[in-house]
Asks: 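Pasting in a structure now, in structure tokens, and then I'll have a few things to ask.
Every value quoted in this text rests on a predicted model; they were computed, and no experiment measured them.
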Amino acid sequence: MTASDPQLRIENLERELKWAQLKIQSLEERWRRHLIQFYGPKSETLSNLQLELLEEEPSATRDEVEAESRREPLPQQPPRERKPHPGRKPLPENLPRIVQMIACADANCKTCGAETSVIGYDESEVLDHEPARWFVRVTKREKRACGQCSSVTMPELTPRIIERGLASDTVVIHTVVAKYCDHLPLYRQQAILEREAGVEISRATLDGWVMRVGELLEPIVKTMRRDLLAEPYLQADETTVPVQMHDQRGSDHQAYLWQGFCKPMAIRATTVSAGRRWCTSVAGRTHDESLSTRSR
């Protein structure tokens with residue numbers, strides 16, 4: 001083998017590395033003996049790390065070194081056991097599965113050219129999403145005419161949340177859920193409708209939908225108020241909110257959104273000023289202060 005042989009060069013480097021490691025160990029031992037001689041025979045029981053700490057503390061005395069040598073050695077901490085990774089959680093079984101089949105491009109063997117047969121499938125699952133599909137629902141009511149008296153009959157329309165409104169009950173409910181459950185303001189929902197459906201609906205119209213749903217839920221609120229006030233112990237919390245008075249449009253006023261609750265129910269009531277007692281509003285004696293929460 002020549003001097004330029006890579007294998008020979010690797011062997012020379014390994015030999016030099018081993019010699020360097022032995023030299024380092026020898027120098028460390030000589031340095032340890034020097035420190036023991038400097039700090040006294042009591043320092044023989046100290047570890048290399050303790051001796052290095054003493055070296056960084058030049059004011060250490062022999063008495064301190066002797067006291068350090070009498071300390072019990074710290075117990076060895078067992079290595080922390082690494083828990084095995086639980087792996088990826090399976091997707092919920094209640095979600096529908098849409099199977100996509102990917103067939104081999106060539107049905108013949110790439111080695112010998114013979115025809116191959118299917119022996120199984122390799123399956124993998126990913127979570128997918130289908131964007132919302134907007135459409136127009138056309139309702140046609142059958143009209144029948146009597147041939148004898150010329151009377152015309154037609155079935156009644158199904159009751160809706162917004163009578164003669166542009167949106168179906170599903171769209172109205174989705175708007176309310178997105179506003180209060182997903183914290184999606186009405187101005188963002190307005191932009192989403194225009195972008196995805198190409199329909200321009202003003203925020204005032206969306207706000208009317210929300211207010212109408214609130215009116216329909218009023219019987220439930222009254223029942224909750226009655227059950228709430230029947231409890232012997234109540235709690236309350238307040239949140240400031242800008243509102244518009246019907247007699248002063250265009251000017252926002254600070255109101256307080258009070259939440260009174262007791263396990264397991266809660267009810268919210270809005271008052272105009274800080275001087276109002278929240279229980280007065282919950283009791284239903286502030287109907288003259290009709291407010292409209294500012295559309296966001």
Asks: Side-chain contact test, heavy atoms from C-beta onward, threshold under 4.5 Å: evaluate it for L157 versus T139 and give yes or no.
Replies: yes

Asks: Rounded to the nearest 0.5 Å, what separation is found between the CD1 atom of I102 and the OH atom of Y121?
Replies: 12.0 Å

Asks: Between R144 and T153, is there a donor-acceptor pair closer than 3.5 Å when you use the side chain of the first and the backbone of the second?
Replies: no

Asks: Do the side chains of L8 and E11 get nearer than 4.5 Å, heavy atoms only?
Replies: yes

Asks: Counting C-beta onward and ignoring hydrogens, is there a side-chain heavy-atom pair between L184 and K179 closer than 4.5 Å?
Replies: no

Asks: Of the non-hydrogen atoms in E142 and P155, which two are nearest, and what is the gap between them?
Replies: O-CD, 3.0 Å

Asks: Using a 4.5 Å cut-off on heavy atoms from C-beta on, say whether the side chain of T116 contacts that of D106.
Replies: no

Asks: How long is the gap from NE2 on H174 to CD on Q189, to the nearest 0.5 Å?
Replies: 7.0 Å

Asks: For residues V177 and L216: do they belong to one hydrophobic cluster (side chain heavy atoms under 4.5 Å, members Ile, Leu, Val, Met, Phe, Trp, Tyr)?
Replies: yes

Asks: Would a distance-only check, ignoring hydrogens and angles, find a side-chain to backbone donor-acceptor pair under 3.5 Å from R160 to G165?
Replies: yes

Asks: List the steps and the verdict of side chain to side chain donor-acceptor pair (under 3.5 Å) for N12 and R9.
Replies: CA-CA 5 Å; N12 292 335; R9 182 174 176 78; over 6 Å; no

Asks: The test is side-chain contact (heavy atoms from CB on, under 4.5 Å); show your working for L193 and Q190 and say whether it passes.
Replies: CA-CA 5 Å; L193 279 170; Q190 179 190 22; 5.9 Å; no

Asks: Hey, what do you get for CG (L186) to OG1 (T205), rounding to the nearest 0.5 Å?
Replies: 10.5 Å

Asks: Going only through I, L, V, M, F, W and Y residues with side-chain contacts under 4.5 Å, is there a path from V176 to L166?
Replies: yes

Asks: Indicate the atoms forming the closest heavy-atom contact of R133 with F135, along with that distance.
Replies: O-CD2, 3.6 Å

Asks: When you compare the side chain of I161 with that of W209, does any pair of heavy atoms fall below 4.5 Å?
Replies: no

Asks: Strictly by side chain to side chain donor-acceptor pair (under 3.5 Å), give each pair with a member in residues 192-201 just once, sequence neighbours left out.
Replies: W134-E196

Asks: Between P159 and D169, which heavy-atom pair has the shortest distance, and what is it?
Replies: O-OD2, 3.9 Å

Asks: Given side chains that start at C-beta, do those of T223 and R226 come closer than 4.5 Å, heavy atoms only?
Replies: yes

Asks: Quick one: name the residues clustered hydrophobically with L95, using the 4.5 Å side-chain heavy-atom rule over I, L, V, M, F, W, Y, and just say none if it's on its own.
Replies: L91, L127

Asks: In Å and rounded to the nearest 0.5 Å, what is the CD1 to OG1 distance from I192 to T175?
Replies: 10.0 Å

Asks: Check R212 with E215, please: is the shortest side-chain N to carboxylate O separation under 4.0 Å?
Replies: yes

Asks: Do D128 and I98 pass the side-chain contact (heavy atoms from CB on, under 4.5 Å) test, and can you show the C-alpha distance, the side-chain angles, and the key distance before you say yes or no?
Replies: CA-CA 10 Å; D128 204 350; I98 299 178; over 6 Å; no

Asks: To the nearest 0.5 Å, what is the distance between CE (M154) and CZ (R141)?
Replies: 4.0 Å

